[in-house]
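Written below as structure tokens is the structure these notes are about.
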Amino acid sequence: MSTLAIFGYGPGLGAGTAREFGRDGYRVAVIGRDAVAGAERAAALRAEGIEAEPFTADITEPAQLSEVVARVQDKLGPIDVAVHAAAAHMSVRSESTRAVDRAALELPLALKVYSSIQLSRELLPGMIERGSGALLYSSGASERHLQPYLANVGVALGAQRAFVRQLAAEVEGTGVYVGLLAIGALIQDSAAQREIDAHPELIPEGLVLPRIGNAELGARYRRMVTERDAVEVEIGF
């Protein structure tokens, strides 16, 4: 049985991806900061007949990321597919592009760039040695479109995109697939969707965000791993 590890598992992208791969026979590592939520989410997957185990870690902390990778592989075996699904809370957004400073970039960079790089360093050697595996990353609309209220996150996503593209080129021919899913819509059932619905003032007045179901995102990730014909895939734009 193959192992799928979702780093930054949430009720949106994480849950949709877990169900899609789980129905294909993957066991799932549910990785997140909240131990209680992780246990509940793993239990929900098991109730659907999917083998799942929860693991607690803050992937922005290097020591915790290294430690959780080791724990997952000790318990579930080598990670065959890793999904970097962590997303920034709306509270970290910048007020405007002109307001972005070093402090405003610290968390977005730790979340989307530094942890992405570390995850690849943790998992690539084993994947290359086995001649198989997939590293999947997630991005958003603020890297592609002018959204000043998310400028600091957009800067981090731009750096993440550059890293993923370069990494994909370097591992070509090794049997390892590297892909980036750029999501241009608000994910149904996600923490961000619930927060924006409860507090519409969090987004600029008049801005209408399209929405997408998490099942569609999980299916697209599955196709990316199966077809391996593109490094960058857009959905919801």
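These values consider heavy atoms only, across backbone and side chains, with no hydrogens, waters or symmetry-generated copies. As the structure is a computational prediction, the values presented were derived from the model and not from experiment.
Residues meeting the side-chain contact (heavy atoms from CB on, under 4.5 Å) test with A162, sequence neighbours left out: none.
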Give the intermediate values and the outcome of side chain to side chain contact (heavy atoms under 4.5 Å, CB included) for residues I6 and V30. CA-CA 6 Å; I6 301 178; V30 174; over 6 Å; no

Show, in sequence, the C-alpha distance, side-chain angles and deciding distance for S139 and Q160, and conclude whether the side chain to side chain contact (heavy atoms under 4.5 Å, CB included) test is met. CA-CA 8 Å; S139 185; Q160 181 200 40; 4.1 Å; yes

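Counting only distance, with no hydrogens or angles, the side chain of N152 and the backbone of S94 share a donor-acceptor pair below 3.5 Å. In this structure, R27 contributes its side chain and M1 its backbone to a donor-acceptor pair below 3.5 Å. No side-chain donor-acceptor contact under 3.5 Å links T226 to the backbone of R223.
The 12-atom threshold is not exceeded at CD of E95, counting heavy atoms of other residues, nucleotides or ligands nearer than 6.0 Å. Within a 6.0 Å sphere centred on CZ of R33, other residues, nucleotides and ligands contribute 12 heavy atoms or fewer.
S115 contributes atom OG, which lies 9.0 Å from atom OH of Y137 (distance to the nearest 0.5 angstrom). Note that the CZ atom of F7 and the NE2 atom of H84 stand 9.0 Å from one another [nearest 0.5 Å]. With rounding to the nearest 0.5 Å, the separation of CD in E20 from CG in D24 is 6.0 Å. With rounding to the nearest 0.5 Å, the separation of CD in Q188 from CD in Q193 is 5.0 Å. Atom CD of Q118 is separated from atom OG of S66 by 4.0 Å, given to the nearest 0.5 angstrom. Within the model, atoms CG of L136 and OG1 of T17 stand 8.0 Å from one another, a figure rounded to the nearest 0.5 Å.
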Output side-chain donor-acceptor pairs under 3.5 Å for residues 166-183, partner residues at least two apart or in another chain, one line each.
unit_1: T174; atom_1: OG1; unit_2: V171; atom_2: O; d: 2.7
unit_1: T174; atom_1: OG1; unit_2: V176; atom_2: N; d: 3.2
unit_1: Y177; atom_1: OH; unit_2: A230; atom_2: O; d: 2.6

Listing, residues 101-113 side-chain donor-acceptor contacts under 3.5 Å, not counting sequence neighbours, or none:
unit_1: D101; atom_1: OD1; unit_2: A103; atom_2: N; d: 3.2
unit_1: D101; atom_1: OD1; unit_2: A104; atom_2: N; d: 2.9
unit_1: K112; atom_1: NZ; unit_2: A86; atom_2: O; d: 2.8
unit_1: K112; atom_1: NZ; unit_2: S138; atom_2: O; d: 3.0
unit_1: K112; atom_1: NZ; unit_2: S138; atom_2: OG; d: 3.3

Residues 72-80 side chain polar contacts: donor-acceptor under 3.5 Å, at least two apart:
unit_1: Q73; atom_1: OE1; unit_2: I79; atom_2: N; d: 3.0
unit_1: K75; atom_1: NZ; unit_2: E53; atom_2: OE1; d: 3.4
unit_1: D80; atom_1: OD2; unit_2: T3; atom_2: N; d: 2.7

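The two atoms that bring A151 and V100 nearest to each other are CB-CG2, 3.9 Å, heavy atoms only. Nearest heavy atom pair, residue P210 against residue G184, reads CG-O, 3.6 Å. Closest approach of E216 and I212 over heavy atoms only: OE1-CG1, 3.5 Å. Residues S116 and F163 come closest through the heavy atom pair O-CE2, 3.9 Å. When all heavy atoms are compared, the tightest approach of D58 to Q64 is N-OE1, 2.8 Å. Among all heavy-atom pairs drawn from L13 and A85, the shortest one is CD2-CB, 3.8 Å.
Here the side chains of Y9 and R41 are in contact, with some heavy-atom distance below 4.5 Å. No side-chain heavy atom of E61 sits under 4.5 Å from any side-chain heavy atom of L65. Taking the side chain as every heavy atom from C-beta outward, P11 and R194 approach each other to under 4.5 Å.
Among residues at least two apart or in separate chains, there is no salt bridge (charged side-chain N to carboxylate O under 4.0 Å, His left out) pair with a member in residues 120-136. Pairs engaging residues 11-33 under the ring pair (Phe, Tyr, Trp, His ring centres under 6.0 Å) rule: F21-Y26 [sequence neighbours left out].
With salt bridges taken as basic N to acidic carboxylate O contacts below 4.0 Å, none links R46 and E51. With respect to R23 and E48, no salt bridge is recorded, no charged nitrogen being found less than 4.0 Å from a carboxylate O.
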